[in-house]
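Below: one structure, written as C-alpha cells.
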Amino acid sequence: MSAVEPVRIVAASLHGLDVVDGGRTLRLVGTCRRPGTDGPQPADQTLVLHWLRPDGTRALSAVTEPRLRYEDGAERWTGFIADVPIDQVPIGTTGMEITLATPDGSGEASSVPVGAAPGALASSRPIVTAGRRLQLFPSATEHAEFVSQAFPAPLAGLRWTAGLALRTLKDLVRRRPFATIAPLRTVTRPFLRRHEIWLVGERADTARDNGYHLFTYLRRERPDVRAYYVLDPSSDRFDELSKLGRVVRHSSWRHRVLMVNATVLANAYSIKHMVPASWAKQHYMRQLNWRVGSYRVYLKHGVHDKTREIRRRTGGYDLFLTAAHAETEALRRTSGYDDQIVETGLPRYDALVPTPPSRTILFMPTWRRYLAPQLFGDGASGEQPFEGSTYQRFVRDLLTSPRLHALLAEHDFRFEFMPHYNLRGEYVDPTLGGDRVTILDGGASDIQDVMRRCDLFLTDYSSVHFDLAYLGTPLIYTHFDREEFLAGHAEPSWFDHERDGFGPVAHDVESTIDAIEHYLLRGNVREPEYDERARQLFTFHDRSNSQRTVEAIEQLVRTRGYR
C-alpha cells in the first residue's frame with residue numbers, strides 16, 4: 001500500500017491581533033490555506049503557531065482553533081485563532097511560522113512562514129498590558145514581525161522610541177512609502193498633543209451618508225469632541241457644511257497634518273478615500289497606519305446583506321457598525337471580525353423621518369461591476385459594454401413604457417430615477433423617459449431627502465432598501481437580470497428578498513409595472529407582513545443611532561480595544 005500523501009500548507013497570514021481576557025491574553029486571528037478544509041466540520045488537522053527568534057529557533061508555540069472563512073468561492077475551515085498569554089510573548093524581535101501536524105501525530109507534514117495581512121498592519125499599534133509592550137510591524141519579506149519589550153522597565157519608553165526612530169531612518173534610506181510620516185508627526189505632534197482628533201469623511205467629494213450624519217451630530221450635540229470633516233472644495237456641499245466649522249479641504253496641508261495625528265479615522269466607504277491625493281493609496285494599508293496608530297472605524301454606507309466579501313485581512317477595522325443582529329452574525333461567521341462588530345444602528349437612520357406624500361415613485365438600482373470601471377482602478381471600462389446590456393435595456397424600456405406613463409398620468413404621480421454613483425456617467429440625458437420622469441444625479445442630490453419624500457420605492461438589489469424599510473415606505477424588488485447579476489456581481493446572501501424582503505419581487509418590465517399599479521391602487525400602504533419583517537430585523541427603531549455610534553467609538557478609544 002502506498003503512503004498517504006501529506007497535506008501541504010499553501011500559505012498562512014495573520015489578519016489581526018486582539019487583547020482579551022481582561023488584558024492578559026493576546027489573540028491571533030488569521031488563515032492558513034491548505035487542502036482538506038471543506039466540509040461541515042474541520043478536518044483532523046492540528047495547526048500550531050510558533051514564535052521564531054532571529055536564529056530560527058522556536059521561542060513559543062500555541063495550538064490554534066479552526067474557524068470558518070469564505071475562501072475561493074466557498075466557506076472553508078481555513079481560519080484560525082490562537083490565544084497566547086501576553087506575559088509569555090518573547091522579548092525582542094520575532095517572526096512566526098505555522099506547522100500542520102499529521103493526523104496520527106507522527107511528525108510535521110508542512111511548515112510555512114506567517115505573513116502579515118494588510119488589515120493586520122493597518123490596525124497595528126502598540127499593545128501595552130500584562131508586562132509587555134508589543135507591536136506588529138511589516139518586514140521586507142511581508143512576513144509577520146513582532147517587537148516586544150518588558151514594560152514597565154527602566155528606560156523602556158526611551159528604548160522603544162529609539163527603536164522606532166531607527167526603523168524610520170532605515171525606511172527613509174530605503175525610500176519606503178510613507179517613511180516621512182513619522183518625522184511629520186514628530187514635528188506637528190506638540191501642537192496637537194492635548195487634543196483627541198476624530199477625522200470623519202466619505203468619498204472625497206461627498207457629504208451625504210453616515211459620515212455626514214455622524215459629523216453633524218458631533219457638531220450639534222458633542223462639540224467637546226474635536227471632530228473634523230474632510231471634503232473636497234469642489235463638492236456642492238462644501239460651503240453648506242463649512243458653516244458648521246472644522247471642515248478641512250481634502251489633500252490640503254491641514255488635512256495631511258490631521259491625518260497623521262488623528263486618534264480616530266471614521267469613514268462610510270473606505271479609509272482610502274481619506275488619504276490625501278498625493279499619497280500612494282496602494283501602500284496605505286501596509287505602510288501608513290502602523291506609524292500613526294489611529295483607530296479605524298467603518299461607518300458603512302448601508303446594511304451588508306452580502307457579507308462574504310468582507311475580510312478583516314483587507315479591511316483591518318477596529319470598529320464595524322451594524323444595524324441588525326442577523327447581519328452581525330453573518331459577518332462574524334466568516335469575516336474574521338468578532339467584537340469589533342457593534343450593533344449601533346447607522347447614523348443616517350436618525351434622519352429617516354417620513355415627510356408628507358409627494359406623489360413620487362423612486363427607482364434606485366445598484367450597479368454591476370462587470371459594466372462599470374473598477375472603483376480604485378485606472379478608469380478602464382467594465383468587462384462588458386454597457387450599451388445593449390440587459391441592465392441598459394430594462395431601464396430604458398421601463399422609463400419609456402407607455403403603460404407606466406399612463407399609470408403616472410392617471411394617478412398624477414412622478415417617477416424619479418437615480419442611477420448608482422458608479423454608473424451615473426451612463427445617464428447624462430435628462431430627457432430620457434419623458435415629462436413625468438426625472439433623472440437625478442446621485443452625486444449631487446441629497447439622497448436621504450429623495451428617499452424620505454418618495455411614496456413608493458423600486459430597486460433591484462440596492463442595500464438602500466433597508467433604509468426605506470426602516471422608514472416604513474412600501475417597496476418593490478425587480479430582479480430583471482437575476483442570473484447575470486448572481487454570476488457577475490453578487491455572492492450568496494443571508495438576506496433573501498423572497499423570504500425576508502419588505503415587498504413583492506418582480507422579474508421584468510410588465511410584472512414590475514403590475515406591482516407599481518398594485519400599490520398606486522391601494523394608496524401606497526405597506527402590507528402588515530412586511531411591517532413585521534422590518535420590526536424583527538432592525539435592532540433599534542429610534543433616533544439614537546449617532547449617539548450609540550459615538551459611545552462605541554469612545555469605548556474603543558478608552559479601552560484601546562482590549563476586552
Are [X] and [Y] packed together at the side-chain level, in the sense that at least one heavy-atom pair is separated by less than 4.5 angstrom?
X: Val297; Y: Val200; answer: no
X: Asp460; Y: Tyr477; answer: no
X: Phe417; Y: Pro365; answer: yes
X: Arg368; Y: Asp481; answer: yes
X: Arg308; Y: Pro492; answer: yes
X: Leu521; Y: His411; answer: yes
X: Met364; Y: Ile447; answer: yes
X: Thr328; Y: Leu331; answer: no

* Asked: side chain to side chain donor-acceptor pair (under 3.5 Å) with His479: which of His497, His507, Glu498?
  -> His497
Considering only NZ, NE, NH1 and NH2 on the basic side and carboxylate oxygens on the acidic side, decide whether [X] and [Y] come within less than 4.0 Å.
X: Asp350; Y: Arg548; answer: no
X: Arg533; Y: Asp500; answer: no
X: Arg436; Y: Asp412; answer: yes
X: Arg313; Y: Glu71; answer: yes
X: Glu75; Y: Arg333; answer: yes
X: Arg222; Y: Asp224; answer: yes
X: Glu202; Y: Arg237; answer: no
X: Arg76; Y: Asp38; answer: yes

* **side chain to side chain contact (heavy atoms under 4.5 Å, CB included) assessment of Thr307 paired with Ser335** => CA-CA 8 Å; Thr307 61; Ser335 69; over 6 Å; no
Does [X] reach the main-chain N or O of [Y] with its side chain, forming a donor-acceptor pair under 3.5 Å?
X: Ser252; Y: His255; answer: yes
X: Ser358; Y: Arg453; answer: yes
X: His15; Y: Val29; answer: no
X: Thr263; Y: Trp198; answer: no
X: Ser251; Y: Pro276; answer: no
X: Ser124; Y: Trp290; answer: no
X: Ser389; Y: Phe386; answer: yes
X: Asp496; Y: Arg499; answer: yes
X: Arg311; Y: Tyr70; answer: yes
X: Thr549; Y: Asn545; answer: yes

Within this structure, what is the [atom1]-[atom2] distance for the pair [X] and [Y], rounded to the nearest 0.5 Å?
X: Arg526; Y: Glu532; atom1: CZ; atom2: CD; value: 10.5 Å
X: Ser270; Y: Tyr284; atom1: OG; atom2: OH; value: 8.0 Å
X: Thr512; Y: Arg403; atom1: OG1; atom2: CZ; value: 10.0 Å
X: Met285; Y: Ile271; atom1: CE; atom2: CD1; value: 9.0 Å
X: Tyr337; Y: Tyr317; atom1: OH; atom2: OH; value: 6.5 Å
X: Gln392; Y: Tyr427; atom1: CD; atom2: OH; value: 6.0 Å

Would you check if there is a donor-acceptor pair between the side chains of [Y] and [X] at a distance under 3.5 Å?
X: Gln555; Y: Glu551; answer: no
X: Tyr298; Y: Arg296; answer: no
X: Asp514; Y: Ser511; answer: no
X: His213; Y: Ser546; answer: no

Between [X] and [Y], which heavy-atom pair has the shortest distance, and what is it?
X: Trp494; Y: Ala330; value: CD1-CB, 3.4 Å
X: Pro474; Y: Tyr519; value: CB-CE2, 3.7 Å
X: Ser493; Y: Lys306; value: CB-CG, 3.8 Å
X: Ile341; Y: Thr322; value: CG2-CG2, 3.4 Å
X: Leu199; Y: Met274; value: O-CE, 3.3 Å
X: Asn210; Y: Leu346; value: OD1-CB, 3.5 Å

* To do: Compute the ring centroids of Tyr391 and Tyr370, then answer whether they are less than 6.0 Å apart.
  => no
* Establish, yes or no, whether a centroid distance under 6.0 Å links the rings of Phe466 and Tyr349. => no
* Asked: Got more than 12 heavy atoms from elsewhere within 6.0 Å of CZ, Arg33?
  -> no
* To do: Mark yes when over 12 heavy atoms from residues, nucleotides or ligands other than Arg560 sit less than 6.0 Å from its CZ; otherwise mark no.
  => yes
* Given Phe238 and Ser242, is the side chain to side chain contact (heavy atoms under 4.5 Å, CB included) satisfied, shown in steps? -> CA-CA 6 Å; Phe238 189 84; Ser242 294; 3.5 Å; yes
* To do: Could you tell me how the ring of Phe363 sits relative to the ring of Phe394: parallel (under 30°), tilted (30 to 60°) or perpendicular (over 60°)?
  => perpendicular
* Can you label the angle between the His465 ring and the Phe495 ring as parallel, tilted or perpendicular, going by 30° and 60°? => tilted
* Phe480 six-ring centre to Arg393 NZ/CZ under 6.0 Å and within 45° of normal -> no
* To do: Pick out which of Asp339, Asp338, Asp18, Asp318 makes a salt bridge (charged side-chain N to carboxylate O under 4.0 Å, His left out) with Arg312.
  => Asp18
* With Arg208 as reference, evaluate Asp236, Asp449, Asp441 under the salt bridge (charged side-chain N to carboxylate O under 4.0 Å, His left out) test and give the passing residue. => Asp236
* To do: Dump the intermediate steps for side chain to side chain contact (heavy atoms under 4.5 Å, CB included) on Leu352 and Gln448, then the final yes or no.
  => CA-CA 7 Å; Leu352 290 178; Gln448 270 214 322; 3.6 Å; yes
* To do: Begin from the C-alpha positions of Leu371 and Asn422 and carry the test side chain to side chain contact (heavy atoms under 4.5 Å, CB included) through to its verdict.
  => CA-CA 9 Å; Leu371 298 177; Asn422 291 347; over 6 Å; no
